[in-house]
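No hydrogens, no waters, no symmetry mates; every other heavy atom, side chains included, goes into these values.
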Amino acid sequence: ASAVSERALAGALESLERVRRAQRLILQATASLYPLHEPAAFQASVVRALLGLVEVLTADVGQAQIQALLLRVDEGEIWACSDAHGPMARGPLSEVLPPETCAQIEASVQSRQPLWAPTTVLPLLVGEHLQGVIYLNLTVAPDGRQSLQLFGNQLALMMRNAQLFEMAAFDPLTGVHARGFFDQWLVREVMGAFRARHPISLLMIDLDGMKKVNDVAGHLRGDEALAKVGRILTNATREHDIVGRYGGDEFALILPRETGAGAAEVASRILQEVGVAQVAGPSGPIPLCCSVGAATLDAEGFELKSGGPALAVSYFSSLAQRLVAVADGALYVVKHAGGNGLHQADTLTWPRPEQQPAK
């Protein structure tokens, strides 16, 4: 009897230790995930945290054996988003998961209740609103379910925050950043360029002949053209570049740490890729083309006096607006010359606050 009691006590202590480690991991994960992230980075971070948590809760199962999926609800339909290897291709469940897995997920979603065996399905709810689903290809023991549910509750709120972030930060038609987000991010990048003494370039891009596309093929084809260009710009840039829809037919690209020569290379690539795109028209395909204006702020800045006052945010905000104005002026040169080309403005230098040009 004594041996049985000792084993029971050891098992209880081991269970408590697992719960303690799980809760510590949840606190660490949620602290890093609550700040706003772009969707792909958020999804990947969530799955990494989920894998770590499951490994703690199921000590006898190695990560290589765990299939962990984060599924997101989009316009009432569940879309597979991420697994242990990163974001998955978007698609309905039936296209990316086996039928038996789909049936288990659908049953749990319909009942709004977790499924703990033979696999684990945890609906992520904010009130009655389904934000997504966690799927694991294993059974979580009873002593770990509360921890996983706690993580799920936190994750549901984080997914809601991420959804609101997407709605505010991205243009729904083109998939690139919305104007308000872009303007704020440009100021942030200009500040970063000053601190690190690195260059920053900006491209302003305007689609040529969009009135003709809309008049000849209709506004739906015009929207299709804008969406195509949004994808081209996203694919033509680096991960840390920022693509924004500046308004109407105009886009803008922030190229951190990029010189004028580098910005010209990016612009040439964009001109080439947009130049082979087209949309259907009533009399055949309508080719697309664009104009690009480029501006660069050089890497060298003046030195601040030690112990002196820091530069105000308004200094960087005004300089960001100046960068846009110069790139926009370069764009006008191309448009005035007939479009479908690049004009690069002279490189800007960092003005001292007292020399700062008027807006």
Side-chain angles (χ1 to χ4, degrees), residues 38-41 87 89-90 165-190 199-210 213-214 220-279 285-297 320 323-324 326-335 339-345:
E38 292 208 357
R90 288 168 60 93
F165 169 72
E166 276 193 80
M167 291 169 61
F170 290 91
D171 172 54
L173 174 61
T174 62
V176 304
H177 289 289
R179 170 70 184 272
F181 178 91
F182 183 90
D183 287 342
Q184 293 179 43
W185 200 269
L186 178 58
V187 175
R188 171 177 168 166
E189 289 294 347
V190 169
I200 179 172
S201 293
L202 180 73
L203 301 181
M204 299 296 288
I205 301 157
D206 191 70
L207 280 175
D208 299 329
M210 278 300 293
V213 174
N214 288 324
L220 288 178
R221 293 301 183 196
D223 287 349
E224 180 186 339
L226 291 169
K228 282 190 175 185
V229 171
R231 289 194 295 271
I232 289 170
L233 297 179
T234 301
N235 293 334
T237 51
R238 304 163 299 180
E239 185 177 352
H240 58 275
D241 297 334
I242 299 295
V243 185
R245 185 178 180 190
Y246 211 71
D249 310 334
E250 196 169 15
F251 295 82
L253 269 69
I254 305 170
L255 304 173
R257 300 181 180 271
E258 196 63 270
T259 62
E265 288 182 15
V266 175
S268 296
R269 187 161 64 245
I270 289 168
L271 284 165
Q272 182 178 2
E273 294 186 16
V274 172
V276 298
Q278 56 188 25
V279 294
I286 301 175
L288 304 180
C289 62
C290 66
S291 301
V292 184
T296 299
L297 185 61
L323 193 62
V324 170
V326 171
D328 211 32
L331 174 65
Y332 177 78
V333 172
V334 182
K335 299 292 283 188
N340 194 25
L342 163 69
H343 182 76
Q344 200 155 11

Novice: To the nearest 0.5 Å, how far apart are CD1 in I205 and CD1 in I270?
Specialist: 4.0 Å
Novice: State, to 0.1 Å, how close V187 and A320 come at their nearest heavy-atom pair, and which atoms those are.
Specialist: CG2-CB, 4.0 Å
Novice: Report the relative orientation of the aromatic rings in F181 and F170; use parallel for angles under 30°, tilted for 30 to 60°, perpendicular for over 60°.
Specialist: parallel
Novice: To check you understand the geometry: which heavy-atom pair defines the closest contact between L186 and V324, and what is its length?
Specialist: CD2-CG2, 3.5 Å
Novice: Output a table of donor-acceptor pairs, distance under 3.5 Å, between side-chain atoms of residues 220-237 and any protein atom two or more places apart or on a different chain; print 'none' if there are none.
Specialist:
residue : atom : partner : partner atom : Å
R221    : NH1  : E224    : OE1          : 2.7
K228    : NZ   : Q278    : O            : 2.5
T234    : OG1  : G230    : O            : 2.9
N235    : ND2  : R231    : O            : 3.2
T237    : OG1  : L233    : O            : 3.0
T237    : OG1  : T234    : O            : 3.1

Novice: Do you know which two heavy atoms are closest between R245 and V176, and how far apart they sit?
Specialist: N-CG2, 3.4 Å
Novice: Show the nearest heavy-atom pair for residues Q344 and A261, with the distance to one decimal.
Specialist: NE2-N, 4.3 Å
Novice: Write down the atom of T296, the atom of S201, and the distance for their closest heavy-atom approach.
Specialist: OG1-OG, 2.8 Å
Novice: Give me each pair satisfying salt bridge (charged side-chain N to carboxylate O under 4.0 Å, His left out) with a member in residues 265-278, each pair once, sequence neighbours excluded.
Specialist: none
Novice: Going by atom types only, do D206 and S291 share a side-chain donor-acceptor pair under 3.5 Å?
Specialist: no
Novice: Looking at CG of L331 and CE of M204, how far apart are the two atoms once the value is rounded to the nearest 0.5 Å?
Specialist: 7.0 Å
Novice: Minimum heavy-atom separation for A294 to L203, with atom names?
Specialist: CB-CD2, 3.4 Å
Novice: Look at the side chain of D208 and the backbone N and O of N340, then say whether any donor-acceptor pair between them is shorter than 3.5 Å.
Specialist: yes
Novice: What distance separates E189 CD from H240 NE2, expressed to the nearest 0.5 Å?
Specialist: 8.0 Å
Novice: Once you round to the nearest 0.5 Å, how far does CD1 of I242 lie from CZ of R188?
Specialist: 8.5 Å
Novice: Among V243, I200, D241, find the residue that satisfies the side-chain contact (heavy atoms from CB on, under 4.5 Å) test when tested with I254.
Specialist: I200
Novice: Rounded to the nearest 0.5 Å, how far does SG of C289 lie from CE of M210?
Specialist: 11.0 Å
Novice: Applying side-chain hydrogen bond (donor to acceptor under 3.5 Å, both in side chains), which residue pairs with at least one partner in residues 252-261 are found, sequence neighbours left out?
Specialist: R238-E258
Novice: In the structure I gave you, are the side-chain heavy atoms of Y246 and D183 within less than 4.5 Å of one another anywhere?
Specialist: yes
